[in-house]
A.B. asks: 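Input: one structure, supplied below.
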Amino acid sequence: MSQRIIVIGGGVIGLSVAFECSRRGHQVTVLEKGGFGGQASGAAAGMLAPFSENGEGADPFFRLCLESLKLYGDWQSDVKKASGLDFEYENTGSLYAAYHDADLLALETRRQWQKPFGSEPEIIEGERLFRLEPSLSREVRAALFHPDETHIYAPDYVKALEAACLRGGVQLIGNVVQLAAEVAGGRVHLKDAAGRTYEADRYVVSNGAWSGEWQQALGLNIPVYPIRGQICAYHLNEELAVSHMVFASQGYVVPKANGSLVCGASEDIAGFDTSVTERGIQRLQNWNKRLYPALERMEPFHRWAGLRPATQDGYPLLGELSRHPEVVMATGHYRNGILLSPVTAHAAADVIDGRQPPVDIARFAPERFGASTVAV
Ligand SMILES: Cc1cc2nc3c(=O)[nH]c(=O)nc-3n(C[C@H](O)[C@H](O)[C@H](O)COP(=O)(O)OP(=O)(O)OC[C@H]3O[C@@H](n4cnc5c(N)ncnc54)[C@H](O)[C@@H]3O)c2cc1C
């Protein structure tokens, strides 16, 4: 049965949930306080890298990431068809670099536990590695190759999601001023500073790093915090040829189809400040020239920053609230919101439709941090 759904926040998560709910026949409105895709989502490097981003083991978060990678092929093609826009989907594979013999053991441990999950990881050393990546530093001792890891161009992806939503009949309302929630008659109601009210059958909270602002109204502890990521891009050239995503313990580089090399990213605590600092970019430059010595002689042509929505335990908040089942949380995706957008969209829409999500989301229950200390 068609429901009226209000999605709060027009980043990759809110737009993906809106797209999925709309194509299932629901009437969807997205409320965004700024421009669509203008925060973390538009700043992302666009890596779809469950293996490289999860080195420790096959925990529920890794499984969520992996499920999302599996969904990506059909998802990205559906978004492209629905929007008429391209946003790349480059199957370059990835290399996770190690500098010392001692790190090889850690790479081998990763390879062993990741192998059953289908990506055929392989450790590549010596001349074979430098044939794959000729500009890579000769200090790199070996790398773990994952052929299935891919990337998209995040700024274009969010534009395509916005267009797909519009074409699909989603109402997109930007520049909403001071959206506030209150509970009356046992249900949540939304109001903006102009006194406009927004009523729906279901509300999806997906306003990223700002999601903690609902904790008082919902009577729920929502420990979501902004972690700033500073990031920069260089022009690729003959001296700097990069064909894979390359990770090292302190950073990564991603070659884009537009001839740029995106190098990221810092993890700073700076409140809601999205400015770029000289120190932050300098640190990235120092890491990256260790990976690609040609970067020593180059300056980034673009520098920017975004706020990742981090949670207290590193896992997203995904599911409905038992006390307010009209509210579904879909937030706290920290470093992997671009990767996790398809699985989050499917899971949130399944919760709304009373269906079983594609993967077990019990571990991501949004009420796991308990009640807010502020009474409602
Ligand atoms: C530098 C950097 C690199 C990254 N690289 C990758 C990567 O390679 N791969 C990957 O998977 N992930 C990556 N990420 C992480 C990814 O960008 C985030 O996890 C993802 O964008 C979170 O999406 P979101 O929609 O929750 O948040 P956002 O994109 O921040 O969207 C939240 C939206 O909510 C709006 N909003 C806030 N409060 C309100 C309110 N009260 N009312 C209405 N609207 C509101 C905001 O204006 C914003 O538009 C990266 C992040 C950064 C910063």
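Counting from 1, the numbers follow the sequence of the chain as shown. Read the numbers this way: they start at 1 and go in the same order the structure lists the ligands and their atoms.
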A.B. asks: Measure the distance from atom 18 (C) of ligand 1 to every protein heavy atom, then report the residue, atom name and distance (to 0.1 Å) of the closest one.
C.D. replies: Tyr334 O, 3.5 Å
A.B. asks: Are any of the N or O atoms of Arg335 closer than 3.5 Å to those of ligand 1?
C.D. replies: yes
A.B. asks: Could you check whether any heavy atom of Gly46 sits closer than 4.0 Å to an atom of ligand 1, since that is the contact criterion I want to use?
C.D. replies: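 Within the 4.0 Å threshold, so yes.
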A.B. asks: Considering only non-hydrogen protein atoms, determine which one is nearest to atom 40 (C) of ligand 1 and report residue, atom name and distance to 0.1 Å.
C.D. replies: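 Result: Glu213 OE2, 3.6 Å.
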A.B. asks: Is it true that Tyr252 lies under 4.0 Å from ligand 1, counting heavy atoms only?
C.D. replies: yes
A.B. asks: Check Asp86 with Lys80, please: is the shortest side-chain N to carboxylate O separation under 4.0 Å?
C.D. replies: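 Here Lys80 pairs with Asp86 in a salt bridge, since their nearest N and O are under 4.0 Å apart.
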A.B. asks: What do you reckon, does Asn336 put a non-hydrogen atom under 4.0 Å from ligand 1?
C.D. replies: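 It does, in that a heavy atom of Asn336 comes within the 4.0 Å cut-off of ligand 1.
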A.B. asks: Considering only protein heavy atoms, which is closest to atom 50 (C) of ligand 1, and at what distance to one decimal place?
C.D. replies: Ala44 CB, 3.6 Å
A.B. asks: To check your reading of the model: name the closest protein heavy atom to atom 23 (O) of ligand 1, its residue, and the distance in Å.
C.D. replies: Ser41 OG, 3.3 Å
A.B. asks: Charged N to carboxylate O under 4.0 angstrom, Glu122 versus Arg128?
C.D. replies: yes
A.B. asks: Regarding Ser260 and His235, is there a side-chain donor-to-acceptor distance under 3.5 Å anywhere?
C.D. replies: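 Checked: Ser260/His235 side chains show no N/O donor-acceptor pair below 3.5 Å.
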A.B. asks: Is the gap between the ring centers of Phe364 and Tyr315 under 6.0 Å?
C.D. replies: yes
A.B. asks: Report the residue from Arg24, Glu20, Glu326, Gln3 that forms a side-chain contact (heavy atoms from CB on, under 4.5 Å) with Ile352.
C.D. replies: Gln3
A.B. asks: Applying a strict 4.0 Å limit to heavy atoms, is Val176 in contact with ligand 1?
C.D. replies: no
A.B. asks: Is the gap between the ring centers of Phe51 and Tyr96 under 6.0 Å?
C.D. replies: no
A.B. asks: With a 4.0 Å cut-off on heavy atoms, is Tyr157 in contact with ligand 1?
C.D. replies: no
A.B. asks: If you take the centroid of each ring, where Trp contributes its six-membered ring, are His244 and Phe145 closer together than 6.0 Å?
C.D. replies: yes
A.B. asks: Say whether Ile8, considering both its backbone and side-chain N or O atoms, lies within less than 3.5 Å of an N or O atom on ligand 1.
C.D. replies: no
A.B. asks: Looking at Met47, which atoms of ligand 1 are within less than 4.0 Å of one of its heavy atoms?
C.D. replies: 7 (C), 8 (O), 9 (N), 10 (C), 11 (O)
A.B. asks: With a 6.0 Å cut-off on the ring centroids, do Trp75 and Phe19 count as close?
C.D. replies: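 They qualify: ring centres under 6.0 Å apart.
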